[in-house]
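Since the structure comes first, as structure tokens, the remarks are kept for the end.
We're numbering straight along the sequence, starting at 1. No experiment lies behind these values; they were computed from the predicted model shown. Every heavy atom of this structure was used, including side-chain atoms; hydrogens, water molecules and symmetry mates were not.
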Amino acid sequence: MAHDAPQATGPSKLVIRNIGLILSGALEKPILDGDTIVAENGKITAIGRFKDCNVEGATTIVDAQGTTVAPGLIDSHVHPVAGDWTPRQNQINWIDSYLHGGVTTMISAGEVHMPGRPRDVVGLKAMAVFAQRAFWTLRPGGVKVHAGAPVIECEMVEEDFKEMAANGVKLLGEVGLGGVKDGPTARKMVGWARKYGIQSTIHTGGPSIPGSGLIDKDVVLEADTDVVGHINGGHTALPDDQIRCICEGCKRGLELVHNGNERSALFTLRTAREMGDLHRVILGTDAPAGSGVQPLGILRMVSMLSSLGDLPAEIAFCLATGNTARMRQLDCGLIEVGRSADFVIMDKAQHSPGKNILESVQLGDLPGIGMTIIDGIVRTQRSRNTPPAGKVPEVVAK
């Protein structure tokens, strides 16, 4: 099994030079001018031209070889269980494999596949605290897994949410996967969660696992969770008129997932664009699931939305980075000074007909990943999962 990657043991300074394209992750300015990024002790300290950046004292120098640097991708919807193993498909090293797909941060939508998952209040609270602690202590491949997302049950009271928040729980699992499936109860408990700083997500669409059920627009709108989980279904989507009603009826996050209905994802994207609400759209895989695990799921969503949704590739990458970071209140996902130095370095895949990485993605191809970096530390080099990149970065000094 993959284990926690080494952390910096002293002061560190990373310099990435000779960058061909910098994708910021921010919708308002998706492409940045510059060829160099500097990070010290895991945080970005400079972005610009090499001649203007202080690169003295670098402990690691990466020559990007003219390739593209983007924020590390964020998967807004995963279902982890224990370390880098999932019982859903009895697979190990799935998180490490996602890292080779450019994902550096994951958000749990509930540890629902835990064998013998407790449904009683004491047990579900204990499991949430355990998962939060375990995944923050053990980071497979260095990936940041925000876990400890309890599936709420009808017997819970306000004090339970206060207690969980005091013990570090910051997320709720998908509302609707447990006993709470009606709007009034969900709204009450989501309100308690919000009061104590716990972010919420709701299951949207038809049932996915035993114990779940249909969650339609009326429940979604009344529950008023922070994120409308897999609005394109997980796996079964709501009718288009209900999806539009949700988009228009609230201002919460609209999550599109790989393991959902692709046509409904494109419909949601078009609706959000018409409304001027692209900033609400975030991406996840909803894995591990019956469809398996998808190490390249986020990249595939970016490519699909760009190519079939007529979305510029630099904007599509924002849905997988900065949008999620802002919606989820994370310190990564954007290339700006002060943010975590989490990057994916990519180039167009070999023999792609696109002239560059952006055109190749808009044509429906996946980019080739040459390196991932988390907290300013190189974690992987040439990806074992993506097509080979035309050019790959090199660590030239360390």
Side-chain donor or acceptor of [X] paired with backbone N/O of [Y] under 3.5 Å:
X	Y	answer
Q199	V227	no
E40	L14	no
D35	I19	no
N385	G101	no
R88	P288	no
T321	F317	yes
T137	R133	yes
R119	R117	yes
N93	D96	no

For a 4.5 angstrom cut-off between non-hydrogen side-chain atoms, does [X] reach [Y]?
X	Y	result
T105	T324	no
T36	I47	no
R379	R139	yes
P150	M127	no
L358	L21	yes
L311	L278	yes
T225	T201	no
T204	I215	no

Does the pair L305 and L283 meet the rule for a side-chain contact (heavy atoms from CB on, under 4.5 Å), with working shown? CA-CA 10 Å; L305 295 172; L283 306 183; 3.6 Å; yes
So which residues get pulled into V122's cluster when ILVMFWY side chains under 4.5 Å apart are joined, directly or through others? none
Got a sec, which hydrophobics cluster with V257, joining ILVMFWY side chains under 4.5 Å apart, including via others? none
For residues 57-74, which residue pairs pass the side-chain hydrogen bond (donor to acceptor under 3.5 Å, both in side chains) check, not counting sequence neighbours? N18-D63
Would you list the pairs meeting side-chain hydrogen bond (donor to acceptor under 3.5 Å, both in side chains) in which at least one residue belongs to residues 266-284, sequence neighbours left out? R244-E274, K251-D277, D277-R280
Any chance you could measure [X], atom [atom1], to [Y], atom [atom2], to the nearest 0.5 Å?
X	Y	atom1	atom2	answer
S24	D33	OG	CG	12.5 Å
I16	I345	CD1	CD1	4.5 Å
I243	E248	CD1	CD	12.0 Å
R17	C53	CZ	SG	12.5 Å
N232	H258	CG	NE2	11.0 Å
I282	L319	CD1	CG	10.0 Å

Nearest heavy-atom pair of [X] and [Y]: which atoms, and what distance?
X	Y	answer
V228	C250	CG2-SG, 4.3 Å
D286	G234	OD2-CA, 3.8 Å
S200	V190	OG-CG1, 3.5 Å
I22	I335	CG2-CD1, 4.0 Å
L138	G83	CD2-CA, 3.9 Å
I357	S360	O-OG, 2.8 Å

As a quick check of understanding, evaluate side-chain contact (heavy atoms from CB on, under 4.5 Å) for D160 and L124, giving each step before the final call. CA-CA 10 Å; D160 295 318; L124 72 85; over 6 Å; no
Taking atom types as modelled, is there a side-chain donor on [X] or [Y] under 3.5 Å from an acceptor on the other?
X	Y	value
N90	W85	yes
E111	S108	yes
D216	Q242	no

Test V62 against V15 for side-chain contact (heavy atoms from CB on, under 4.5 Å), laying out the working first. CA-CA 6 Å; V62 173; V15 174; over 6 Å; no
Heavy-atom neighbours of F130 CZ exceed 12 at 6.0 Å: no
Using a 6.0 Å cut-off, check whether atom CZ of R49 has over 12 heavy atoms from anything other than its own residue. yes
Are [Y] and [X] connected in a single hydrophobic cluster, I mean Ile/Leu/Val/Met/Phe/Trp/Tyr linked by side-chain heavy atoms less than 4.5 Å apart?
X	Y	value
L27	L73	yes
I373	L334	no
I298	L308	yes
V220	L214	yes

Please name all residues satisfying side-chain contact (heavy atoms from CB on, under 4.5 Å) with E56, sequence neighbours left out, ordered by chain then number. N54
Going by the rule salt bridge (charged side-chain N to carboxylate O under 4.0 Å, His left out), which residues pair with K195 if we only count those two or more places apart in sequence or in a different chain? E158
Identify each donor-acceptor pair in which a side-chain atom of residues 166-180 lies under 3.5 Å from a protein atom, sequence neighbours left out, and give them as a table.
residue: N167; atom: ND2; partner: E163; partner atom: O; Å: 2.8
residue: E174; atom: OE1; partner: H203; partner atom: ND1; Å: 3.2
residue: E174; atom: OE1; partner: H230; partner atom: NE2; Å: 2.9
residue: E174; atom: OE2; partner: H77; partner atom: NE2; Å: 3.0
residue: E174; atom: OE2; partner: H79; partner atom: NE2; Å: 3.0

Please identify each residue that fulfils ring pair (Phe, Tyr, Trp, His ring centres under 6.0 Å) with [X], with sequence neighbours left out.
X	result
F135	none
H100	none
Y98	W94

Closer than 4.0 angstrom, basic N to acidic O: yes or no for D365 and K348? no
Residue pairs passing the salt bridge (charged side-chain N to carboxylate O under 4.0 Å, His left out) test where at least one lies in residues 299-321, sequence neighbours excluded: none
Salt bridge (charged side-chain N to carboxylate O under 4.0 Å, His left out) contacts touching residues 324-336 (sequence neighbours left out): E28-R326, K43-D331, E255-R328, E336-R339
Between M327 and S76, is the side-chain contact (heavy atoms from CB on, under 4.5 Å) condition met? List the steps. CA-CA 10 Å; M327 186 71 62; S76 176; over 6 Å; no
